[in-house]
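Here is the structure we will look at, set down as C-alpha cells.
All chains are named by letter (A, B, ...) in the order of the sequence lines, taking the proteins before the strands, and each is independently numbered beginning at 1. Because the structure is predicted, anything quoted here is derived from the model rather than measured.
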There are 2 protein chains.
Amino acid sequence: METILHKIRFSFDSLGPAEQRLASYLLSHTDDIIGLSISELSRRSGCGDATVVRFARRLGLEGYGELKIRLASEMRATSELSAEIQRGDSCLDIFRKRIADIQESLHNTESVLNADDLTRAAEAILRSDRVVVFGLGNSAAIAHDAAHKFLRLGLAAQSCCDNHMQAIVASHLGRGSVAIGISHSGTSRDVVEALRLCKICGATTICITNYGHPPIVDASDIALFTKSDETKHSILAMSSRIAQLAIFDSIYTYIVLNADKSARQAMQNTEFALQNKKY
Amino acid sequence: METILHKIRFSFDSLGPAEQRLASYLLSHTDDIIGLSISELSRRSGCGDATVVRFARRLGLEGYGELKIRLASEMRATSELSAEIQRGDSCLDIFRKRIADIQESLHNTESVLNADDLTRAAEAILRSDRVVVFGLGNSAAIAHDAAHKFLRLGLAAQSCCDNHMQAIVASHLGRGSVAIGISHSGTSRDVVEALRLCKICGATTICITNYGHPPIVDASDIALFTKSDETKHSILAMSSRIAQLAIFDSIYTYIVLNADKSARQAMQNTEFALQNKKY
DNA sequence: ACAATAAATGAAAATAATTTTCATTCGGGA
DNA sequence: TCCCGAATGAAAATTATTTTCATTTATTGT
C-alpha cells in the first residue's frame, strides 16, 4: 500500500518551489502536523493556505483535513518501530520492543512471500501421502509444531530433528511425499543434505528460510521466504521464527478450509481424543 | 499505552444517555469517523454538536479535531483487525489475516502481562540451578523452544513433553529448581499435576496460560498470562502460542542482558560449537 | 409529593478553520 | 518586448467547530 509520505517523497521533484517548501516541512516535521491548522502550517512552511490545499489534492486527497488524518495514521505505524533493546530495560520493556520487532518482521515477510509458491506448498502438503519436517537446533521447535498441526489434520506427518533420523527418513521417501526443511540461515548442512536426498528420491521439497539465496533454496522445489533483520538484538533468530510459524499457521488454515470431509473428521477425532486429558 | 478507544469503553458507564449513544456509534463505526464532520457525526449518533465536543473533552482531548485524529491513528492498528478468514481465501490472504490476529493477540497480552511477575519469573530462571519446561500437544513445541533457548545460555534446562517423564522429573526437583508449565487453556491435567508435584518438592513453579483463572494458576507461584481470542478461526490456539513465544523471547533476552560473564561465555561456546554445522 | 438544585443536552450564535476565487507574479518562448 | 500559462497567496466564501445559554431531565432534601 502506497503511503502518503512515500507519495510526497516521490513527487517532490515535480512540485513548484512553494509546494517543495511545504513538502520539505512535512517530511521533516511530520509529527507536528497533527496539531497544526492549515494557516499555521502554511505560515511555518512559508506558503499560502491555497497551496496546502492544492498540494493535498495533488496527492489524490480530498483536502487538508484528509492529509492531516492520513499523515497522523501513518505516523504511529512508523513511530512504533523497534527501539533498540538495551541493558537496564525491564522485562516488560523488552516484551514491548519484541512486539515491534515481530510486527516488522511479519510485515516484511508478507512483502517477500510469493503467493503462488505458498499456495503450491499448501496444495502439495494437502495432497501428499506423507509429510516430514526437518529442523535442527533453533528450528527444531518449529518443525515439531508444524508436524503436530499436520497430524491433527490426519496427515501422515512427522518431524525429524536429529540428523541421522533425517537421513534415514529422507532415503525412504518417494513421489507423493513432501519434505519441508526449516533453516533461518538456509545453511544448516544436515538439513540441506536431507532435503537434497528427499528430492533425489522423488519427494516434493519445500524450504522455509530467510530471504536471499542460501544453499537450501537449491535443494528445494518450492522456497518460502521470511524476512527479518535479526542483527539487532542477539545471535538468536527470534523474529524469523515467528514468521515461520505464521507461514505454517496459514498453510494449516488453508488446508482446514480446503480439505474434504475426511480431514475435517480427522480434526474432530483429534479433539475428541484430547477431551479427557483436560479438567 | 492507553488508547482512546479503551478510554471510551472504560468510561462508557459513567456517561449520560446522549454521550452513550455517541460512544456506541464510535465504537461500532470507528472506521467511518474519519470522513465525518462534527455535525454529520452528531446527526448519525443522535446527539448535538456540543455533546460531541464535551465528549472529546471528557476524554482529555482538545476537541473534536483531536478526537478524529486520535481515532484515525488508532484505527490503522485496529483496521487491520482480523477480517474473518473464510473459505476461498488464498493462502496469502490467510497469512495477512493471521498477521492481524497475531498483532491483536500480542497487544492484548501486553496489556494483561504483569511487569513484576514477568521480572520475577526471569530472575527465578536466571538464578535457578535447573529449569524444566512442561508442555503437551500444541504446547510441546513451545516447551522445546524455551528449553532450547535456556540451554544456549548454559542453564541446565530441559523440556518434558511426555506425561510420564514429567511426573518423574517433577519428583526429583528441589529448592533452586524452576518448573514452567505451558498450557493455553490452563486445564491440561498432566501438566497441572506435574507442576503441583514440583511445587511440593520445593521448586519455583511458573505457568504460562491464557488470561483467566484456570487450574494451572493455582499450581503456580508465578502466573504469566497471554490474552488472545482464539474462537475466531479454528480449534487450535495459534495466536496465543505466538504470545507465549514472545514471552520466552523476552525472558531470554532479559537474561542475556543481565547475566554475568559466565553466561555470555556459555552463549559464545554455543555459537562456536555450532559453527561447523553450517556451510 | 414537591420544590430546589444539579447535571445533561441541543439549538443557535460566535468563532475558527478550510476551500474557492481571483488578481498578481514569474519564467520561458515567439 | 509581449504574451501565455503555470504557480502562488490574499481575501472572500464556505464550511466546520466551539461556546453560550435556555431547556429538559434527573436527583436530593424536606
Side chain to side chain donor-acceptor pair (under 3.5 Å) partners of B:Thr205, counting only residues at least two apart: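 Partners of B:Thr205 by the side chain to side chain donor-acceptor pair (under 3.5 Å) criterion, ordered by chain and then number, come out as B:Asp221.
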Does the side chain of A:Thr253 reach to within under 4.5 Å of the side chain of B:Met238, using non-hydrogen atoms?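 Touching, per the 4.5 Å side-chain cut-off.
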Each nucleotide of nucleotides 15-20 of chain C classed B (base within 4.0 Å of a protein heavy atom), S (only sugar-phosphate) or -, in 5' to 3' order, makes --SSBB
If the condition is side-chain contact (heavy atoms from CB on, under 4.5 Å), which residues does B:Ala50 pass it with, not counting sequence neighbours? B:Arg54
With sequence neighbours left out, the residues meeting side-chain contact (heavy atoms from CB on, under 4.5 Å) with A:Ser39 are A:Ser37, A:Ser42, A:Asp49
For [X], which residues count as a salt bridge (charged side-chain N to carboxylate O under 4.0 Å, His left out) partner, sequence neighbours excluded?
X: B:Arg43; result: B:Glu40
X: A:Lys227; result: none
X: B:Arg58; result: B:Glu19
X: A:Glu123; result: A:Arg127

What does the list of N/O pairs under 3.5 Å between the protein and nucleotides 24-29 of chain C look like, with a distance for each?
none

At a heavy-atom distance below 4.0 Å, what parts of residues 16-35 of chain A sit against DNA chain D?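 Contacts with DNA chain D under 4.0 Å: A:Gly16, A:Pro17, A:Ala18, A:Glu19, A:Arg21.
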I need the full list of side-chain hydrogen bond (donor to acceptor under 3.5 Å, both in side chains) pairs touching residues 109-120 of chain A, with sequence neighbours left out, sorted by first then second residue.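 Every side-chain hydrogen bond (donor to acceptor under 3.5 Å, both in side chains) pair that includes a residue of residues 109-120 of chain A, provided the two are not neighbours, is A:Glu110-B:Arg96, A:Asp117-A:Arg120.
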Pairs satisfying side-chain hydrogen bond (donor to acceptor under 3.5 Å, both in side chains), at least one member in residues 22-36 of chain A, at least two apart: A:Tyr25-A:Arg44
Look at the side-chain N and O atoms of A:Thr51 and state whether any lies under 4.0 Å from the OP1 or OP2 oxygen of D:dT8.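 No, A:Thr51 has no side-chain N/O under 4.0 Å of OP1/OP2 on D:dT8.
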